[in-house]
Amino acid sequence: MITEQMRAIAKDLLEKGEVGTVIGWEKGTFWYNSTPLFISKPEQVDKLVFDEFCANNLAKYLLDFKLAETKTAVFVKGCDARAVNRLLQDNQVSRDKVYLIGIPCPGMKEAPKTAQPQDIAGLPLLTKCKMCATPNPVLFDVMVGDPVPDKKVADRFAAVEALEGKSADEKYAYWGKMFEKCIRCYACRNVCPACNCRECCFDANGLNWLGKQNNLPETQMFSMTRAMHVAGRCIECGECERVCPMGLPIMEINRKVIKDLNELFGPYDAGMNLDDRPPLGTYKLDDPEKFM
Amino acid sequence: MKAIAKAKLNTLLDAIAKESNLLVPVSGDGTSKFAPYTQGAQLSFDGRTLLPPKDVFFPQTEKMYKFKTNGMNASVETALEAPRLQVLFGIRPCDAKSIHCLDHVFLTKGYVDEFYKAKKDATLIVSIGCNGPAQPTCFCKSMGVNPQEAEGVDVHLYDLGTDYGVVAKTEKGEKLFLDKYASFFTETTAQVPALADFPLEVNVDGITEKLEKMFDHPLWEEVAKKCLGCGACTYLCPTCHCFDISARVAGDQGFRFRCWDSCMFSEYTRMSAGNPRPSKKERVRNRMLHKLQYFKERYGDLLCTGCGRCLSKCPVNMDITKIIKQVREADLA
Amino acid sequence: MSINTEALPKQPEVTAPAATAIPDVTPKEWIPRIVGFACNWCTYAGADLAGLSRLHYPPTVRLIRVPCSGRTNPQFIIRAFQRGADGVLVAGCHPGDCHYSTGNYFTRRRFLLMQRLLEYMGMDPRRFQARWISGSEGPKFQQVVTQMSEDIKALGPNRKMRDAE
Amino acid sequence: MSEIALAQNPVSPLVPVVCKITKIVTETPDVKTFHVSTLDGKKPFTPMPGQLGMVSILNAGEGMFSITTQGENHLEFSIKRCGVLTDALHEAEVGQNITVRGPYGNGFPLDFCKGKDILFIGGGIGLAPVRSLITYSIAHRQDFGKLQVIYGSRSPADLVFKEDLFENWTKVPDLELNLTVDRGDESWKGNVGFVPAFIEQLAPSPKGDKVCVLCGPPIMIKFCLQSLAKLGFKNENIITTLEMRMKCGVGKCGRCNIGSCFVCLDGPVFTLAQLQNLPPEY
């Protein structure tokens, strides 16, 4: 249904030559894998699908096309649209070079453990989707399907608050155990639409921002730096946590930062509105004064 | 064939752990890996671990030598330690194949890597066969690995249902495992069950020869588009062995270490004169060609064992089996 | 740094808090190490004034001069803790007095957040402080360093986030 | 390889031996030549011309450099200042301890070159690896035919090995020396122009199976190859040395691969014919 409409729109755009590339999803290895797809010819549109496994945030790929001569069309769910907003705010892509096809998102499902087909309805929602407050795209040129009703979100700061209540040593032990698992694959950084620096400070190894040992101090440094770098820019798409091969609770750090930013400088949701300045990129004369 | 009941395995492991460093597959916290055996640890014998066993011989970070400087003077002290005997218990045939590949790299072609060799020589490897795919993403059978029987190990355990059938593959295995722990084993006539079907299969016949003609093929541009350029595949791969050498300096002393590196990172080949692999197209191509062409040309084996780790954890479902299929179908116009 | 070392007071005997529990790492004479990032225009001058005025404060702080407190990257703080700092101080001009007009307003936001993040990671927030110290506030510099040294002495050596070697 | 003593710690090929800088020659404003001996004054190892050594200032970094020549008791590395490690080397003084491991790589194919005329082409610091073979062929003059050196740099001040260029090599029988600079100055009497054009102007003949040994910046190599092809040099007879990012030097770390070859082990010296069989990824 939505898939058919997607294909029709993509076909139309490509046939008319309005866009050079359409970024969507196709089926992957198994029935529970949907994976990013890039098409540039109308006859390829039949590969496009939209189902319960299109978890990938496609906005980040716009960076690969920012120098393209033609427009790029991209399908955006609620979280993807916020990501596009972020890229626009950072002047990474220009609005007239992208064509956004909005898809209201019912929430994506966890992949099961077996290759045998199962009832999709019985599968649990992805963690990142349970916390989602914006299933409908906030920015689009055209919308496919009807908006889904806004969900009531389980308290997204519950895990953060639970951890805040613990003692310093308990917190340190908790995070130590987490960061010890990190293998430094940088999947969290590479999938993150807020991480859009042309060159990441961690790749500029001559500068030694980060040593190459895989040990606790270095992974702590990496994770905390990344949390500070995406502060005020994290759109809570939860992709970092979803792609982490080691299952680190990265969003528990990002949400802590978001919670603090809200408490300190007023409520702010990144990527909701193009005109809002991210909280660390602006200031008020009457900001909380704790330092004296 | 000798055998031990699966239910009694813990008593055997207890006995081994008393005398040697015993590494077993342990799961917990959303991951599984080979870790020192402790009583009460969550052992994971139902398939391959998420993290490959390569770090047993080739740790992610390994100190090579310490140094001190004093004005113009300097001294170097090697950090190679003589490891004590360790038993690596429960690797799967795909992992056994990967260790065979690592042996090619670290022990042949004129130079022997002593850091690797010291650990390898001090290790008794005990493998366990699989009677079917442990994960949907397993495709070891397609890569020329016999899922039920590992090669290049000291002792192999066949999965006989309620028992493990124990067979020594080397003299070392005979002496240090079968004879030493003989009291734990009984005799069995049970047969290895039939192998279950693998949902994922791929034909790799002639892939190397085909790839030789495909360096400039547009396919690479196509498959690389969705790659994020993270290192998850290379760090989870049991055969990926590329490393970096770097140093930690603190004032007038420090140490030089080697650490895993990933050809998917932009910094990997960067030189002062430029980068021969500037975009992800070149990097994805290099990874695939290294696995399927270059390594075969150099050492005679494919550098993929079909363990499926990259496939299961890739954030964008980059599927090496699909790429192999695309390569086989590609036109060489 | 323009601290006259001869004029420094004799270090008072510090009774280590948990000396019995961890006797080998908390020696009696343990002195905290504080890394201070001082803005060139205000705090660095303030420290200078403290020295010129022969104000006494504990020799715990190592100042690093930065063009503006806003230059201080969060990574500097983490790296300082990793490499052996027991406390980190970021100090700059009072809000409104920034040589670059607005730099320290950003500093304020950034480090309010950073301090909370450090706390969330299990660090004691007292180990990381930011202060506004102008060029004429030599006594305030003295008082801030004295206070922070005492706080950190009470906390003991920092072992969190430390790089092993 | 087997007859060459390796400068490596007996423990592992990756652990170096401590050496010291015994002499520093300032070649140009940004190139220095370092003479390196072991702490007891011996040569760290005896490399073949074209081989490499891994040099490290311990607290700055480690890098692979071509061994430009060797003496009785020392090795020489000519190093251009262009990064963290090379900065540290340029600031070093005589007596500074550094570490060296090697020799690595295949070196120039001496047997192949024997009895033949050789044309050496160098650009800028690219003369450094070529020089190892030039000095070897001068030392074993009877084994080789006529020698010709074509060398160019950006300016007269950037010419490296001035003592060789203007003194030592001018005295060698049957060695023709042709110099060019991109931009001359008042004192410069020689040719002004880029190396490829200078080659075509000189038009060395490929007759008699003449071998050409070439090294320089990539852009120069590219155009020199075109010029050499025009003159009729065979791909099998054009020899060059490559650069790649190397870490281990012994074919393990994986990063200097070009196809299934490792520059540190199978290179850095390749003939053009060999390179044409490798992926163009260097």
Side-chain angles (χ1 to χ4, degrees), chain A residues 21 23 25-38 40 53 55-58 60-61 64-65 111-116 177-178 180-181 183-192 199-200 202-206 208 211-215 218 239-240 242-249, chain B residues 29-31 33 50-51 55 59-63 133 135-137 198-200 222 224-236 243-249 255 257-262 264-268 270 272 279-280 308-319 321-322:
Chain A
T21 307
I23 310 177
W25 301 272
E26 68 177 327
K27 283 320 287 176
T29 312
F30 297 111
W31 61 276
Y32 54 78
N33 294 124
S34 296
T35 160
L37 170 72
F38 304 79
S40 51
F53 305 104
N56 283 90
N57 187 330
L58 302 178
K60 180 97 190 222
Y61 291 113
D64 294 341
F65 291 89
K113 295 266 181 289
T114 136
Q116 260 68 49
K177 214 171 132 195
M178 292 301 158
E180 219 139 54
K181 290 198 294 183
I183 55 172
R184 299 268 296 271
C185 70
Y186 299 150
C188 49
R189 176 195 70 182
N190 288 19
V191 81
C192 176
E199 184 176 31
C200 178
F202 297 127
D203 283 341
N205 78 333
N208 266 327
K212 287 197 92 164
Q213 290 183 83
N214 192 56
N215 58 15
E218 303 287 13
E239 280 285 270
C240 48
R242 178 183 71 86
V243 303
C244 179
M246 296 293 112
L248 302 185
Chain B
D29 278 333
T31 146
K33 62 177 181 185
L50 175 58
L51 287 164
D55 72 328
Q60 181 154 7
T61 306
E62 181 167 34
K63 231 184 250 187
Q135 309 267 344
T137 49
F198 281 62
L200 197 59
E222 222 31 59
K225 268 184 187 156
K226 70 176 173 184
C227 176
L228 293 170
C230 75
C233 49
T234 48
Y235 286 174
L236 295 180
F243 60 85
D244 191 8
I245 294 177
S246 187
R248 166 80 171 83
V249 184
F255 57 88
F257 60 89
R258 68 170 170 196
C259 56
W260 296 358
D261 205 352
S262 170
M264 306 312 291
F265 295 157
S266 59
E267 178 266 340
Y268 182 72
R270 190 165 58 202
S272 59
S279 74
K280 58 187 181 185
R309 287 180 175 100
C310 57
L311 183 46
S312 69
K313 284 295 176 186
C314 176
V316 295
N317 189 233
M318 281 277 269
D319 179 348
T321 66
K322 191 174 162 195

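Chain identifiers are assigned alphabetically (A, B, ...) following the order of the sequence lines, protein sequences preceding nucleic acid strands; residue numbering begins at 1 within each chain. Every heavy atom of this structure was used, including side-chain atoms; hydrogens, water molecules and symmetry mates were not.
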In terms of heavy-atom contacts, B:Cys230 and A:Ala187 come closest through CB-CA, 3.4 Å
The interface call for B:Ser266 against chain A, heavy-atom contacts under 4.5 Å, is side chain
Under 4.5 Å to a heavy atom of chain A? For B:Lys280 that would be side chain
Which of B:Gln60, B:Arg248, B:Glu62, B:Lys63 passes side-chain contact (heavy atoms from CB on, under 4.5 Å) with A:Gln213? It is B:Arg248
| message | What I want to check is whether the side chains of B:Thr31 and A:Lys181 have a donor and an acceptor closer together than 3.5 Å. | response | no
In terms of heavy-atom pairs under 4.5 Å with chain B, the winner among A:Gly247, A:Cys244, A:Pro36, A:Cys200 is A:Pro36
* To do: Would you please test B:Asn317 and A:Phe30 for side chain to side chain contact (heavy atoms under 4.5 Å, CB included) and show each step?
  => CA-CA 10 Å; B:Asn317 189 233; A:Phe30 297 111; over 6 Å; no
| Is the backbone of B:Lys226 close enough, under 3.5 Å, to the side chain of A:Tyr61 for a donor and an acceptor to pair up by distance? | yes
So, the part of A:Glu26 with a heavy atom under 4.5 Å from chain B: the answer is side chain
Problem set entry | Residues B:Glu267 and A:Lys212 bridged, charged N to O under 4.0 Å | yes
Just so I know, are the side chains of B:Leu51 and A:Ile183 near enough to count as touching, which here means a heavy-atom distance under 4.5 Å? yes
Applying a strict 4.5 Å limit to non-hydrogen atoms, the region of A:Tyr186 in contact with chain B is both
Starting from the C-alpha separation in whole Å, work towards a yes-or-no answer on side chain to side chain contact (heavy atoms under 4.5 Å, CB included) for B:Leu200 and A:Thr29. CA-CA 9 Å; B:Leu200 197 59; A:Thr29 312; 3.7 Å; yes
Turns out that what part of A:Asn214 lies under 4.5 Å from chain B's heavy atoms comes down to both
Bottom line for A:Gln116: the part with an atom under 4.5 Å from chain B's heavy atoms is neither
Check: Any side-chain heavy-atom pair from B:Thr61 and A:Glu218 closer than 4.5 angstrom?
Finding: no
* Asked: So do the side chains of A:Met246 and B:Asp29 get within less than 4.5 Å of each other, counting heavy atoms only?
  -> no
Whatever's closer than 4.5 Å to a heavy atom in chain A on B:Leu228 counts as both
Looking only at B:Phe265, B:Trp260, B:Phe257, the option with the highest number of non-hydrogen pairs under 4.5 Å against chain A is B:Phe257
- Task: Indicate yes or no for a side-chain donor-acceptor contact from A:Asn56 to the backbone of B:Pro315 under 3.5 Å, with no hydrogens or angles considered.
- Result: yes
Cut-off 4.5 Å, heavy atoms of chain A, and the answer for B:Gln135 is neither
Cut-off 4.5 Å, heavy atoms of chain A, and the answer for B:Lys225 is both
Smallest heavy-atom separation, B:Gly229 atom then A:Asn190 atom, equals O-ND2, 2.7 Å
Whatever's closer than 4.5 Å to a heavy atom in chain B on A:Tyr32 counts as side chain
Under 4.0 Å between a side-chain nitrogen and a carboxylate oxygen: does that hold for B:Arg270 and A:Asp203? no
Bottom line for B:Thr137: the part with an atom under 4.5 Å from chain A's heavy atoms is both
